[in-house]
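Here is how names work: the chains are called A, B, and so on, in the same order as the sequence lines, proteins then strands, and each is numbered from 1. Since this is a predicted model, take the numbers as computed values, not measurements. FYI, side chains are in, hydrogens and waters are out, and symmetry mates aren't considered; it's all heavy atoms of this structure.
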Amino acid sequence: MFDEYNPKIIEKKIQDKWNKSDKYKSAVDNREKFYCLSMFPYPSGKLHMGHVRNYTIGDVISRFKRMQNFNVFQPMGWDAFGLPAENAAIENEVSPKDWTDQNIENMKNQLQSLGFSYDWSMELRTCDPKYYKWEQLIFKKFYDAGLVYKKKSLVNWDPVDETVLANEQVIDGKGWRSGAQVQIKEIDQWFIKITSYADELLDSLEQLDWPENVKLMQKNWIGKSYGAEVEYKMEEGNESLKTFSTRPDTIYGVTFLAISPNHQLSINLSKTDENIKLFLEKCKDRKNAEADIAKAEKLGIDTGKKVIHPITKEKLPVWIGNFVLLDYGTGVVMGVPGHDERDFEFATKYQIDIKQVIKNDKDDLPIPDKGILINSDNFDGMTSENASKEIINKLIELECGSSLIQFRLRDWGISRQRYWGCPIPVVYDDHKPMVVNQEEMPIQLPELKDSAKPIPLSQNQNFINLSTNQKRETDTFDTFMDSSWYYARFTSADNNEDIFDSRTNYWLPVDLYIGGIEHAILHLLYSRFFHKAMRDLDLVEGDEPFKKLLTQGMVLKDGSKMSKSKGNTVDPQQYIDKYGADTVRLYMMFTSPPEQSLEWSESSVEGASRFLKRIWKLTSGRKYEEYDDTFEFSKEEIELRRKSHSTLKKVSNDYENRFAFNTAIASIMELLNFIPEEFKKDSSTNSQKFCLNETIVFILKMLAPITPHICEDLWNKFYGEKDIELSWPDFDEDIILIDEFELIIQINGKVRGKLNIKKDTNRKDIELKAIEVENVKSFINNSKIKKTIYVKDKLINFVI
RNA sequence: GGGGAUGUGGUGGAACUGGUAGACACGCUUGGCUUAGAACCAAGUGCCGCAAGGCGUGGGGGUUCGACUCCCUCCAUCCCUACCA
């Protein structure tokens with residue numbers, strides 16, 4: 001009798017074998033390299049479905065590439081600094097470090113039980129001083145290169161807990177713990193000049209083998225726009241307000257200016273004007289997140305101040321608007337209510353003049369599209385495009401404007417007022433900041449002694465005060481800093497003498513980067529910036545960190561993202577325990593293509609397990625035998641061989657070019673279903689055995705990247721101790737070729753018949769044969785055929 | 001508010017270049033095996049219709065001999081929106 005498929009035993013056995021031989025440890029050699037990286041996880045406690053899916057995709061591709069004789073590097077590590085550790089510390093009275101270490105241990109065990117072929121010798125964690133020491137050095141190098149500066153900027157402030165809150169800690173405008181109304185507060189913070197690289201970040205998107213939607217999102221985020229800067233002189237005094245607009249053609253339609261509540265003029269006016277002061281107070285009661293600002297009711301207040309329109313010399317009112325962002329452009333918007341939806345809404349609400357200066361097909365204001373100018377003096381009749389140029393010339397002539405290129409991208413604020421992060425390596429000498437020398441790095445995060453509760457560094461006097469009377473910086477880095485360069489550090493993670501070494505330029509760039517679509521903008525843009533800045537500091541070579549990108553969709557349950565708050569999480573561990581890693585991996589790959597979201601379904605896991613049992617039943621107890629293949633194959637044998645080879649061709653293509661693991665698995669299932677029963681019997685002929693052996697070899701090899709344990713175990717038993725990952729099999733095109741095809745016969749585009757036809761039959765003969773098919777004949781009846789469309793080797797369509 | 005995606009049977013999905021809609025699986029139905037159940041095996045399964053046939057890829061419109069695929073428009077859901085990672 002056959003032994004039962006027992007994943008627990010074979011998975012343990014195979015994993016032990018891999019570990020003993022250090023099978024997946026990487027080394028530089030002269031083969032073509034393939035650096036396959038999956039986004040490292042935040043160690044939140046245990047793996048969730050998204051991780052399992054992400055890392056299975058990465059492992060399948062790594063294993064496939066290894067079979068194709070690439071030198072594969074697939075490391076894994078931990079994005080270990082961050083907010084959840086501090087929250088857990090407060091709730092569970094465990095220090096962020098202990099909590100994090102514990103989680104890493106758990107999750108590492110889970111990753112190993114899933115059989116991922118990582119090179120664990122290069123493991124890293126961002127909370128390790130051995131890691132962040134180098135991050136502090138990069139900061140210093142950036143600082144010396146003039147890429148770092150300090151400026152005031154806005155944060156969410158909880159006035160009760162007296163802490164800065166992350167956007168997700170603000171719920172309905174209230175602090176999540178205190179429940180207090182959150183306020184906008186301005187504090188001094190560190191920034192990195194990512195905008196210096198705005199043009200390059202935009203231009204080099206073109207050369208990336210990334211999904212078009214991600215490139216488009218980054219392009220829109222960077223938001224390069226061409227327009228005009230226009231200066232409006234204040235009616236009183238010598239001050240003026242500068243605005244940026246992408247639509248200088250609408251300048252005759254300007255009826256007001258709106259400035260940000262955080263604009264210097266707003267603040268100055270609030271000192272003398274009680275109403276403005278109250279209005280600004282009201283504007284503070286909100287969350288500092290773009291979506292919230294944009295969705296909030298548009299409020300404004302007339303400052304009573306006027307500016308002079310640079311061309312018409314009209315006096316225009318200056319308003320303060322809660323929707324105007326200080327960070328974007330100049331913090332002043334020129335209001336053109338006739339041609340902008342938001343300005344129209346605002347002007348209507350506050351009864352500000354609305355002027356039409358553009359005419360096109362649309363009848364009702366506002367008309368945001370371009371058109372022909374009206375009510376614009378001697379610019380009347382011009383197209384928007386021409387008028388824009390002419391108006392800019394006019395502004396230049398009047399010395400109150402110029403053409404200007406503006407980016408939506410803002411500089412990157414990297415200061416966080418938190419404990420569990422990398423200390424910013426700066427000391428203050430009488431308020432003057434200085435970056436510490438490399439010899440003093442790492443500036444270590446102080447350990448928590450008396451209580452596990454994290455307190456911000458600003459309250460830790462031992463940390464702040466230095467013997468030299470200098471004071472330490474108390475902000476820590478944004479955790480996006482940690483994850484912006486880990487892909488490069490992986491290549492030299494075991495080197496404590498140097499940040500990077502000769503291996504770095506061998507492995508870089510990452511050939512395939514796999515991660516969630518939610519990182520399409522921030523993480524990926526910051527990493528691209530880091531790479532370019534590190535390149536300019538001669539730390540790395542090449543212009544881009546990630547050559548190819550695969551963005552996986554979310555894992556959903558009942559149509560929405562699995563999350564604790566929704567209470568719809570499914571723990572992968574119970575499925576690993578019940579069915580084994582191979583089944584979970586197979587399920588993940590079979591259920592939907594990587595880029596789409598995946599709807600979790602319990603019963604489909606059962607199906608994946610069933611398929612592996614069938615493979616087990618087919619193969620175990622069978623031994624590969626060599627035959628000289630001089631058989632006269634029967635029709636059935638030829639068909640099986642054709643199916644085997646064409647399946648291999650399809651699967652190779654699905655892996656290599658499409659990452660379509662779901663269709664690859666489906667066609668392997670089809671192949672398994674296709675094997676005739678007699679071939680499996682002991683009484684089968686040698687030629688049948690030969691064909692079956694060939695099929696089994698292909699099936700095991702094709703499935704090995706997805707379900708490596710069962711395939712390796714069966715391979716060893718079936719074929720001997722040779723490594724299944726030694727090679728990817730070749731298909732034979734001659735076996736696949738067939739000289740017949742099924743002709744589809746349509747009438748008016750609807751299928752009315754089918755016919756087997758020899759390839760290369762001439763069109764006339766095909767038409768004559770098609771028309772004689774019984775069903776086709778009755779449809780045509782006596783109607784006249786007006787037109788015939790023939791698609792070679794595929795279909796014929798009669799139009800009647 | 002802005003940016004990006006997605007929408008196909010009871011369910012997950014397939015259709016890769018405008019050319020057979022529903023591959024492969026789950027579920028369900030019927031039958032076999034079994035004392036019974038589980039497991040396994042076999043057959044069936046988009047909807048309407050006795051049938052011929054008709055209808056069908058979120059809704060509406062368009063291009064085409066032919067549209068899940070291209071265009072316009074509307075709706076729903078999801079992701080991102082700079083301090084969650």
Exercise. What is the nucleic acid contact for A:Glu595, judged by heavy atoms within less than 4.0 Å: base, sugar-phosphate only, or nothing?
Worked result: nothing
For this session: Evaluate the ring planes of A:Phe661 and A:Phe659, with Trp represented by its six-membered ring, and classify them as parallel (under 30°), tilted (30 to 60°) or perpendicular (over 60°).
Result: tilted
Exercise. Which listed nucleotide (B:A25, B:G1, B:U20) is nearest to the side chain of A:Arg342?
Worked result: B:G1
Exercise. Distance between the C1' atoms of B:A25 and B:U45, in whole angstroms?
Worked result: 14 Å
Exercise. According to the Watson-Crick and G-U wobble definitions, with both distances under 3.5 Å, which nucleotide is paired to B:A5?
Worked result: B:U77
Exercise. If you measure from the C1' atom in B:U11 to the same atom in B:G27, how many Å do you get, rounded?
Worked result: 7 Å
For this session: May I ask you to say whether A:Lys759 pairs ionically with A:Asp793, meaning some side-chain N is under 4.0 Å from a carboxylate O?
Result: no
Exercise. How is A:Pro41 classified with respect to the nucleic acid when contacts are heavy atoms under 4.0 Å: base, sugar-phosphate, or nothing?
Worked result: nothing
Problem set entry | A:Lys794 side-chain N/O to B:G19 phosphate OP1/OP2 under 4.0 Å | no
Exercise. What about A:Gln417, does its side chain sit under 3.5 Å from the base of B:C83 through a donor-acceptor pair?
Worked result: yes
Seminar exercise, completed: From the candidates B:C16, B:C65, B:A82, the one with an atom nearest any side-chain atom of A:Lys650 is B:C16
Problem set entry | B:C68 versus B:G59 - spacing of their P atoms, nearest Å | 12 Å
For this session: Answer yes or no: does atom NZ of A:Lys298 have more than 12 heavy-atom neighbours from other residues, nucleotides or ligands under 6.0 Å?
Result: yes
Exercise. Is the glycosidic torsion of B:G4 within 90° of 0, making it syn, or is it anti?
Worked result: anti
Problem set entry | Pairing partner of B:A42 (Watson-Crick or G-U wobble, both distances under 3.5 Å) | B:U30
Exercise. Counting only Watson-Crick or G-U wobble pairs whose two distances fall under 3.5 Å, which nucleotide matches B:C50?
Worked result: none
Seminar exercise, completed: Ranking B:C65, B:A15, B:G1 by distance to the side chain of A:Ala291, first place goes to B:G1
Problem set entry | Given B:C24, B:G13, B:A21, the nucleotide with the shortest approach to the side chain of A:Met669 | B:C24
For this session: List the atom of A:Ile785, the atom of A:Thr788, and the distance in Å for their closest heavy-atom pair.
Result: CG2-OG1, 3.6 Å
Problem set entry | Phosphate OP1/OP2 of B:A82: any A:Asn167 side-chain N/O under 4.0 Å | yes
Exercise. If only side-chain N and O atoms of A:Asn775 are considered, is one of them under 4.0 Å from the OP1 or OP2 phosphate oxygen of B:G53?
Worked result: yes
For this session: Tell me which nucleotide among B:G4, B:G1, B:G19 gets nearest to the side chain of A:Asn213.
Result: B:G4
For this session: Between A:Glu677 and A:Asp478, just flag the one whose closest nucleotide in RNA chain B comes earlier from the 5' side.
Result: A:Glu677
For this session: Would you check, one step at a time, whether the test ring pair (Phe, Tyr, Trp, His ring centres under 6.0 Å) holds for A:Tyr513 with A:Tyr487?
Result: CA-CA 9 Å; A:Tyr513 194 33; A:Tyr487 67 91; 7.7 Å; no
Problem set entry | base_contact_polar (B:G1 base, A:Glu290 side chain, donor-acceptor, <3.5 Å) | yes
For this session: Before accepting this row, confirm whether a basic side-chain N of the pair A:Glu767/A:Arg763 lies closer than 4.0 Å to the acidic partner's carboxylate O.
Result: yes
Problem set entry | A:Asp292 CG to B:C80 C1', straight-line distance once rounded to whole Å | 14 Å
For this session: Determine the contact category for A:Gln189: base if any of its heavy atoms lies under 4.0 Å from a base atom, sugar-phosphate if only primed atoms, P, OP1 or OP2 are that close, otherwise nothing.
Result: base
Exercise. Aromatic ring centroids of A:Trp412 and A:Tyr526 under 6.0 Å?
Worked result: yes
For this session: Give one of base, sugar-phosphate or nothing for A:Asp79, where a contact means two heavy atoms less than 4.0 Å apart.
Result: sugar-phosphate
For this session: Report which part of the nucleic acid A:His519 touches: base, sugar-phosphate, or nothing (heavy-atom distance under 4.0 Å, all strands).
Result: base
Exercise. With a non-hydrogen cut-off below 4.0 angstrom, is A:Met554 in contact with a base, only sugar-phosphate, or nothing?
Worked result: sugar-phosphate
For this session: Using the six-membered ring wherever Trp is involved, compare the ring planes of A:Tyr131 and A:Trp485 and label them parallel, tilted or perpendicular (cut-offs 30° and 60°).
Result: parallel
Exercise. In whole angstrom, what separates A:Tyr328's OH from B:G2's C1'?
Worked result: 12 Å
Exercise. If you look at every strand shown and take non-hydrogen atoms under 4.0 Å, does A:Lys215 touch a base, only sugar-phosphate, or nothing?
Worked result: nothing
For this session: State the pairing partner of B:U63; accept Watson-Crick or G-U wobble contacts with both distances under 3.5 Å, and report none otherwise.
Result: none
Problem set entry | Closest to the A:Tyr526 side chain, choosing from B:A82, B:A85, B:C84 | B:A82
Exercise. For A:Arg416 and B:C83, is the shortest distance between a side-chain N/O and OP1 or OP2 below 4.0 Å?
Worked result: yes
For this session: Indicate, with a heavy-atom threshold strictly under 4.0 Å, whether A:Ala289 touches base, sugar-phosphate, or nothing.
Result: sugar-phosphate
Exercise. Hey, does A:Phe798 reach any base, or is it just sugar-phosphate, or nothing, if we go heavy atoms under 4.0 Å?
Worked result: nothing
Problem set entry | Whole-angstrom distance between B:G7 and B:C16, as gauged at atom P | 14 Å
Exercise. Any idea which of B:C83, B:G1, B:G13 is nearest the A:Asn662 side chain?
Worked result: B:G13
Exercise. Distance check: side-chain N/O of A:Arg658 vs OP1/OP2 of B:A15, anything under 4.0 Å?
Worked result: yes
Exercise. Given the C1' atoms of B:A42 and B:C33, what is the spacing between them in whole Å?
Worked result: 11 Å
Seminar exercise, completed: Taking every heavy atom of A:Lys152 against every heavy atom of A:Asp188, the minimum-distance pair comes out as N-OD1, 3.6 Å
Exercise. Nearest to the side chain of A:Pro593, which nucleotide is it out of B:A14, B:C41, B:C79?
Worked result: B:A14
For this session: Pick the C1' atom in B:G9 and in B:G46, then give their distance to the nearest Å.
Result: 4 Å
Exercise. Does A:Asn288 place a side-chain N or O at less than 4.0 Å from the phosphate oxygens OP1/OP2 of B:C83?
Worked result: no
Seminar exercise, completed: Of B:C83, B:C84, B:A82, the nucleotide closest to the side chain of A:Trp221 is B:A82
For this session: For the pair A:Arg177 and A:Glu86, find out whether any cationic side-chain nitrogen is under 4.0 Å from an anionic carboxylate oxygen.
Result: no
Exercise. Would you say A:Ser592 reaches B:G12's phosphate, i.e. side-chain N/O to OP1/OP2 under 4.0 Å?
Worked result: no
For this session: Using a 4.0 Å heavy-atom cut-off across all strands, classify A:Asp654 as base, sugar-phosphate, or nothing.
Result: nothing
For this session: Give one of base, sugar-phosphate or nothing for A:Phe590, where a contact means two heavy atoms less than 4.0 Å apart.
Result: base
Seminar exercise, completed: Assign each of A:Leu216 and A:Asn797 the nucleotide of RNA chain B bearing its closest heavy atom; nearer the 5' end lies the nucleotide of A:Leu216
Problem set entry | Nucleotide nearest A:Thr479 when distance is taken to its side chain, options B:A85, B:C83, B:G66 | B:A85
For this session: Would you indicate, yes or no, if B:A39 has its OP1 or OP2 atom less than 4.0 angstrom from a side-chain nitrogen or oxygen of A:Arg610?
Result: no
For this session: Provide the distance between the two P atoms, one in B:C83 and one in B:U20, to the nearest whole Å.
Result: 49 Å
Problem set entry | Touch class at under 4.0 angstrom, heavy-atom based, for A:Val791 against every strand present | base
For this session: Tell me whether the OP1 or OP2 atom of B:C55 has a side-chain N or O from A:Lys750 closer than 4.0 Å.
Result: yes
Exercise. B:C79 phosphate, OP1 or OP2: any side-chain N/O from A:Gln552 under 4.0 angstrom?
Worked result: no
For this session: Would you classify A:Ile789 as touching base, sugar-phosphate or nothing, given that sugar-phosphate means primed atoms plus P, OP1 and OP2, and contacts are heavy atoms under 4.0 Å?
Result: base
Exercise. If we take the P atom in both B:A23 and B:A43, what is their distance in whole Å?
Worked result: 15 Å
Exercise. Contact class for A:Leu598 vs. all strands (heavy atom < 4.0 Å): base, sugar-phosphate, or nothing?
Worked result: nothing
